[in-house]
Structure formats: C-alpha cells, structure tokens
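Whatever order the structure lists ligands and atoms in, that order sets their numbers, starting from 1. Quick caveat, the model's predicted, so the values are computed rather than measured. For the numbers below, each heavy atom of this structure counts, side chains included, while hydrogens, waters and symmetry mates do not.
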Amino acid sequence: MSQRRFRFGYVLASKKVSSFIQDSLINHAQKNGIDLIPIDLNKPLIEQGPFDCIFHKLYGPEWRKQLEQFARQNPTTVIVDAIDSIEKLHNRISMLEVVNELKITAQTETIGIPIQIFIQEKSESESLLQAMNRQGLHFPVLAKPFIANGTADSHQMSLVLKPEGLAGLKAPIVLQEFVNHGGVIFKVYVAGKHVKCVKRRSLPDIPEEKLGTLKENLISFSQISNLTAQDRNDDSMAELIEKAVMPPMGFVTDVANQLRNALKLHLFNFDMIRDNKVGNRYLVIDINYFPGYAKMPNYESMMTAFFLDIAREKQNNEANS
Ligand SMILES: Nc1ncnc2c1ncn2[C@@H]1O[C@H](COP(=O)(O)OP(=O)(O)OP(=O)(O)O)[C@@H](O)[C@H]1O
Ligand SMILES: O=P(O)(O)O[C@H]1[C@H](OP(=O)(O)O)[C@@H](OP(=O)(O)O)[C@@H](O)[C@@H](O)[C@@H]1OP(=O)(O)O
Ligand SMILES: [Mg+2]
Ligand SMILES: [Mg+2]
C-alpha cells in the first residue's frame, strides 16, 4: 500500500463509541494508514471532512438528510452503509425475508427461517390462535416486537407456552416458532468479506413432554445471548457451549457472503440455530446492523482489514476514473 492516509469518519451512539472506538482499534487502524475521525453532530456534516469513508449507526430523519446531502456533494466518499439497506433490518419480517432467497450449495447443510406470522393489530387471543393454526404454528412460540430499531423495547421478547399467554401480548408483533436447538446459538459477525462465528448461550430446549408440566403461560426476557459463557457463573452452561459443534466454516461463509450481497450491507451479524430434529438444518433467527464487534477477541484486526479493503477499493476506483 502507498503512503497515502485514509480518513474514515464515524457517527455512533455514545455507548457504541465507548465499546467500539477503543484505543487498540484507533492505534491498529492508524498504523495501517486509516485515521478514525469522530463526526461532530453539532456541526453540519457537509462542513466536515473530507472523508474517504463514513461509517455510522444512527437513525432518524435529520441524520438521513445530512448523509444524503453529503453523499450527493461527495460522490466518491464510501458510505457504510446506505440507510435504505440498514432499514430492512428494522422490522423482523423484512429482516428475514431475504434468507429464503439464498442459494446455498452445501452438500449436507440447509438454511431457512422458523415459521413466523406478523400480527399487525391487537386482537382477541382467539383469533391469534386461529392465525397460528392456519400457519401450522404450535406452542411454544416466541413473540418478538415487529420493530427492531435498537430501543430496549425492541429487544423485549416473550416465550408463549400456552394459548392463555397470547392475551398479554402487545401488537405489532411477530409470532415465531420456538425451535429446540440445544441451548446454544451461533453468532456470525460479518465485516465485508471477513466472517467470524462464535457460540453464545441461548434459551434451553423445551421437550414436548415438559410443555404440559410447566406452570407459566408466558415468560418474558431480553438480550439473553449477551451473556457469554464467561459472564455466567454456571459450569453446566459453559460446558454446553464448549461441547456444541460449530457449523462448517465453508457453509457459514457462504451464508454470510450471500446475505451480504442480498442485503447490500457490509457490517452486520446474524444469529443462527441448529434444529434439533433435523441435524443439518440451520435457521437464521435475527440479523443486527453494526453489532458488538468488540466482544470478539482481536476485533481490531478484523475491522482494520475491512477498512483497508474499503480504502483499496476506493483507490482502485479513483485510478480507473
Ligand atoms: N425461533 C427461535 N427458537 C428458539 N430460540 C430462539 C428463537 N428466536 C430467538 N431465540 C432465542 O431468543 C434470543 C433472542 O431473540 P432475537 O435474537 O431474535 O432477539 P434480539 O433482541 O434481536 O437479539 P440481539 O440482542 O441479538 O439483537 C436468541 O438469541 C435465542 O437465544
Ligand atoms: O453493544 P453490544 O455489544 O451489546 O451490541 C449489540 C447491539 O447494541 P448496540 O449497537 O446498541 O451497541 C445491538 O444493537 P441494537 O439492535 O440494539 O441496535 C444488537 O446488534 C446486538 O445484537 C448486539 O450484540 P451482539 O449481537 O454483538 O452480541
Ligand atoms: Mg439476536
Ligand atoms: Mg436483534
């Protein structure tokens, strides 16, 4: 790479700045010719820069307006990622639709999503039950907020064990088949062509014979997988995670690359589970924009490699224009 330095501006919520913009990342990027520059939201974006790239995780009409104006006036700046593409992940129906279009070539593994239905308006528990029956949805089901825009509410999940539990739900929601998967999920972090898969704790299986014996109708929870094996002082959970067999990396990479192309996104992660009944069947249950990369060991190398890909591509485009 030449001596040229690249300016990468960023806009992130302050919590995300604390977790993601660590000194180790700033220094590693800097050594490789990438300067990470905070964008000041108190000043018009158009007056800042120049930037080779802007990466961001911020929503709202004001930011959209500023970014669009900047992009019009600076067409060579790489925007990671387009707001329209990010917004596909902001509801739990459009988020997963794309998974059904993937053409995975693996010999033994298959990919899909759990059965799910969208409940737009609050209705009688009776008709929710009818909707479930029509789609072949059985208990237990997960009720997930339709909107997935990063607010605490959007992470508030309910595991509905019995028909009586449906009465307490607030629309708009997605009712999703709860699939037994051995209590471990696979989180796949994607930064452009760089892909890393990690194991995280999940909800425990609910064997059919146990369902009838449970007292609760509904159990609420939030962001369970954010607890890693180390966080939880529970040897059996750590052992479960340790023993879980990773999906083949070729398959994971194929799914990640195809999702990246279909979603037109560079920075995201997806949660995948292995269906206990059909051993090589994997289901994508969640896709998140700009997730917590810093939870991965040595995340600064992966992110810097990604920044360098963007910088090189930009330099090549400039040379060819
Ligand atoms: N269909 C499913 N079957 C079984 N377990 C599931 C299913 N969907 C979600 N889960 C469990 O519930 C957890 C939360 O669900 P989900 O990932 O959709 O929520 P989220 O709030 O968007 O999570 P994140 O913090 O990753 O954004 C998952 O990590 C997994 O443990
Ligand atoms: O910050 P964290 O490390 O917890 O990252 C989480 C991130 O929160 P933040 O973007 O506010 O930081 C979440 O974003 P929103 O849906 O709330 O927008 C979502 O992407 C989670 O999946 C991430 O957890 P991970 O999947 O990586 O475990
Ligand atoms: Mg998730
Ligand atoms: Mg999510």
Lys/Arg-Asp/Glu bridge criterion (N-O < 4.0 Å) met for Asp286, Arg92: yes
Pairs of nitrogen or oxygen atoms closer than 3.5 Å, one from Gly292 and one from ligand 2: do any exist? yes
Hey, could you give me the CG/CD distance between Asn32 and Glu300, rounded to the nearest 0.5 Å? 11.5 Å
Quick one: are the ring centres of Tyr189 and Tyr299 less than 6.0 Å apart? no
Residues Gln48 and Lys43: side-chain donor-acceptor under 3.5 angstrom: no
So which of Lys65, Arg64, Arg72 actually passes salt bridge (Lys or Arg N to Asp or Glu O under 4.0 Å) with Glu68? Arg64
Enumerated ligand 2 atoms positioned under 4.0 Å from heavy atoms of Arg200: 28 (O)
Under 6.0 Å between the ring centres of Tyr289 and His90? no
I'd like to know if Lys264 pairs up with Asp81 as an ion pair, taking the criterion as any Lys NZ or Arg NE/NH1/NH2 lying under 4.0 Å from an Asp or Glu carboxylate oxygen. no
Phe146 and Phe118: aromatic ring centres closer than 6.0 Å? yes
Would one find an N or O of Lys295, backbone or side chain, under 3.5 Å from an N or O of ligand 2? yes
Where on Tyr189 is there a heavy atom closer than 4.0 Å to ligand 2, on the side chain, on the backbone, on both, or on neither? side chain
Please check this pair: side chain of Asp271 against backbone of Ile285, looking for a donor-acceptor N/O pair closer than 3.5 Å. no
Do any nitrogen or oxygen atoms of Lys16 come within less than 3.5 Å of a nitrogen or oxygen of ligand 2? yes
For Asn288, atoms of ligand 2 separated by under 4.0 Å from a heavy atom: 19 (C), 20 (O), 22 (O)
Check whether any N or O atom of Lys57, backbone or side chain, sits under 3.5 Å from an N or O atom of ligand 2, and answer yes or no. yes
Using a cut-off of 2.8 Å, how many protein N, O or S atoms sit around the Mg ion (ligand 4)? 3
Would you check if the side chain of Tyr282 reaches a backbone N or O of Val252 as a donor-acceptor pair within less than 3.5 Å? no
Where does Asn269 meet ligand 2, judged by heavy-atom distances below 4.0 Å: at the side chain, the backbone, both, or neither? side chain
Distance filter under 4.0 Å to Pro291 heavy atoms, resulting ligand 2 atoms: 20 (O), 27 (O)
Knowing that exactly one of Asp275, Thr108, Thr110 qualifies, which makes a side chain to side chain donor-acceptor pair (under 3.5 Å) with Arg281? Thr110
Do ligand 2 and Asp271 have nitrogen or oxygen atoms that lie under 3.5 Å from each other? no
